[in-house]
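Naming convention: chains lettered A, B, ... in sequence-line order (proteins, then strands); numbering from 1 in each chain.
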2 protein chains.
Amino acid sequence: MNVMNASPRRKELTRLAAQLFVQEGFDRTTVRMLAQEMGIKSGSLFHHFKDKQEILAAVIEEGTQNALSIAKAALQECDNDPEARLHAMARAHLETLFADRNAHVVALFEWRRLDPDASAHLSHLRDAYEALWVEVIDDALAAELIHGDRFLVSRFILGALNWTVRWYDPSGPRTPDDLADELVAMIMAR
Amino acid sequence: MNVMNASPRRKELTRLAAQLFVQEGFDRTTVRMLAQEMGIKSGSLFHHFKDKQEILAAVIEEGTQNALSIAKAALQECDNDPEARLHAMARAHLETLFADRNAHVVALFEWRRLDPDASAHLSHLRDAYEALWVEVIDDALAAELIHGDRFLVSRFILGALNWTVRWYDPSGPRTPDDLADELVAMIMAR
DNA sequence: CATTTACACTAGCGCTTGCTTGGTTACTTA
DNA sequence: TAAGTAACCAAGCAAGCGCTAGTGTAAATG
């Protein structure tokens with residue numbers, strides 16, 4: 001077994017696992033199903049991962065790392081204009097949410113299945129991501145682009161964005177950018 | 001076993017099941033855990049419910065029925081003022097969400113575990129509830145209280161509201177009504 | 001008084017689960 | 001060419017799973 005390694009093989013297995021976890025849910029996904037999807041026998045799975053828990057942690061870590069770096073890049077690309085930053089953040093959120101949909105759905109809906117150790121470790125990653133949001137929202141409030149309680153506003157925005165995975169159809173006419181723009185327009189003071 | 005009965009005993013068992021489903025998730029909740037929580041042996045459980053699936057369906061049906069009747073009552077109590085109706089609907093949503101939190105969390109996050117028959121039956125209930133929302137939002141759009149695409153706006157609002165179950169702490173200083181008012185204030189054109 | 005009904009029990013069947021063990025194969029490196 | 005290593009497999013164990021069969025008992029019903 002490998003400790004925290006990121007071999008190409010393991011990355012590919014993680015990607016497949018994410019897909020199954022979304023399709024079936026973590027608990028209903030058996031190690032035999034995972035193995036079959038990966039084209040190996042169930043016993044061989046435990047050469048790559050210590051146990052089933054570690055597969056879940058790998059999926060979530062991968063997705064959250066991606067989201068974090070994409071959001072950081074998006075923020076750096078735009079000037080210090082609070083409105084541009086708000087737009088950029090919403091777009092980056094939805095972009096990564098649907099580019100890496102499986103991993104994020106797992107992160108959003110199977111987080112509770114993590115054991116305490118993995119959860120503690122990954123919480124730091126998630127907190128770092130949310131800190132970016134808080135900063136952007138604080139700036140938008142200071143510039144009076146939006147109004148209200150900073151805590152509530154950020155929760156509402158993240159809720160509206162995260163919930164999109166439950167209804168958004170990427171094959172439809174709307175792009176993720178359309179969604180982001182519409183949401184920002186909806187909450188902006190005019 | 002009882003077909004679609006709603007004896008007080010069954011209602012109480014359903015309430016306990018909802019609590020366990022929230023704590024552990026549907027898949028991880030075993031019939032033995034359910035039985036113990038109910039103070040009976042696991043075999044006796046199947047006198048009240050045909051199978052584990054039916055317990056899940058009972059939990060979700062109970063919660064959705066409640067939400068529907070509360071929302072209807074709230075809408076009837078206010079005049080035809082679109083703004084009052086928007087407020088009332090948001091308040092009713094959060095009120096029922098936290099009065100009957102366990103059932104609603106199960107409905108929101110364990111829906112996929114329903115078998116196709118139960119899902120089809122309960123979808124009608126949920127659709128009836130969402131139809132109330134669509135109507136209220138259409139009126140608000142017509143009155144120019146809010147702006148945007150009717151479909152997207154309703155999804156964003158419901159997303160923001162439903163996501164509250166992931167962070168709202170009822171023992172904190174804010175009431176569900178506070179949340180509803182803040183959300184409506186956030187999205188209203190000024 | 002006889003019968004039915006509601007509710008609970010004991011015992012366990014048949015199956016699936018996550019995971020382990022002991023060993024094989026193919027490729028890389030010294 | 002010998003040693004090491006990553007990747008895999010066949011076989012199966014112990015535990016836990018949903019659910020069933022058959023029985024007991026007290027209260028309601030005819």
In this structure, how many angstroms lie between the [atom2] atom of [N] and the [atom1] atom of [X], rounded?
{"X": "A/Leu20", "N": "C/dG18", "atom1": "CG", "atom2": "P", "answer": "12 Å"}
{"X": "B/His47", "N": "D/dA26", "atom1": "NE2", "atom2": "C1'", "answer": "13 Å"}
{"X": "A/Arg10", "N": "D/dT5", "atom1": "CZ", "atom2": "P", "answer": "19 Å"}
{"X": "B/Glu24", "N": "D/dC17", "atom1": "CD", "atom2": "P", "answer": "11 Å"}
{"X": "B/Lys41", "N": "C/dA11", "atom1": "NZ", "atom2": "C1'", "answer": "12 Å"}
{"X": "A/Arg113", "N": "C/dG18", "atom1": "CZ", "atom2": "P", "answer": "14 Å"}
{"X": "A/Glu54", "N": "C/dC19", "atom1": "CD", "atom2": "P", "answer": "11 Å"}
{"X": "B/Met38", "N": "C/dC9", "atom1": "CE", "atom2": "C1'", "answer": "17 Å"}

### Message
Taking side chain to side chain donor-acceptor pair (under 3.5 Å) as the definition, give me every residue that meets it alongside B/Asn66, ordered by chain and number, with sequence neighbours left out.
### Response
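Listed in chain order: B/Asp100.
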### Task
On the 0 to 90° scale, with breaks at 30° and 60°, tag the A/Phe109-B/Phe109 ring pair as parallel, tilted or perpendicular.
tilted
### Task
Can you label the angle between the A/Phe151 ring and the B/Trp167 ring as parallel, tilted or perpendicular, going by 30° and 60°?
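Aromatic pair A/Phe151/B/Trp167 classed perpendicular.
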### Query
Would you say B/Val105 and B/Phe21 make side-chain contact, with heavy atoms under 4.5 Å?
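Heavy-atom side-chain distance check fails, nothing below 4.5 Å.
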### Query
Are B/Asn162 and B/His104 linked by a side-chain donor-acceptor pair shorter than 3.5 Å?
no
### Query
Cationic tip of B/Arg126 within the cone over B/Trp111's six-membered ring, i.e. under 6.0 Å and within 45° of the normal?
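Yes - B/Arg126 lies over the ring of B/Trp111, closer than 6.0 Å to its centre and within 45° of its axis.
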### Message
On the nucleotide C/dA8, are OP1 or OP2 found under 4.0 Å from the side-chain N or O atoms that B/Arg9 carries?
### Response
yes
### Message
Strictly under 4.0 angstrom, non-hydrogen atoms only: write out the protein contact profile of nucleotides 18-24 of chain D, one letter per nucleotide from the 5' end, B, S or -.
### Response
BBB----
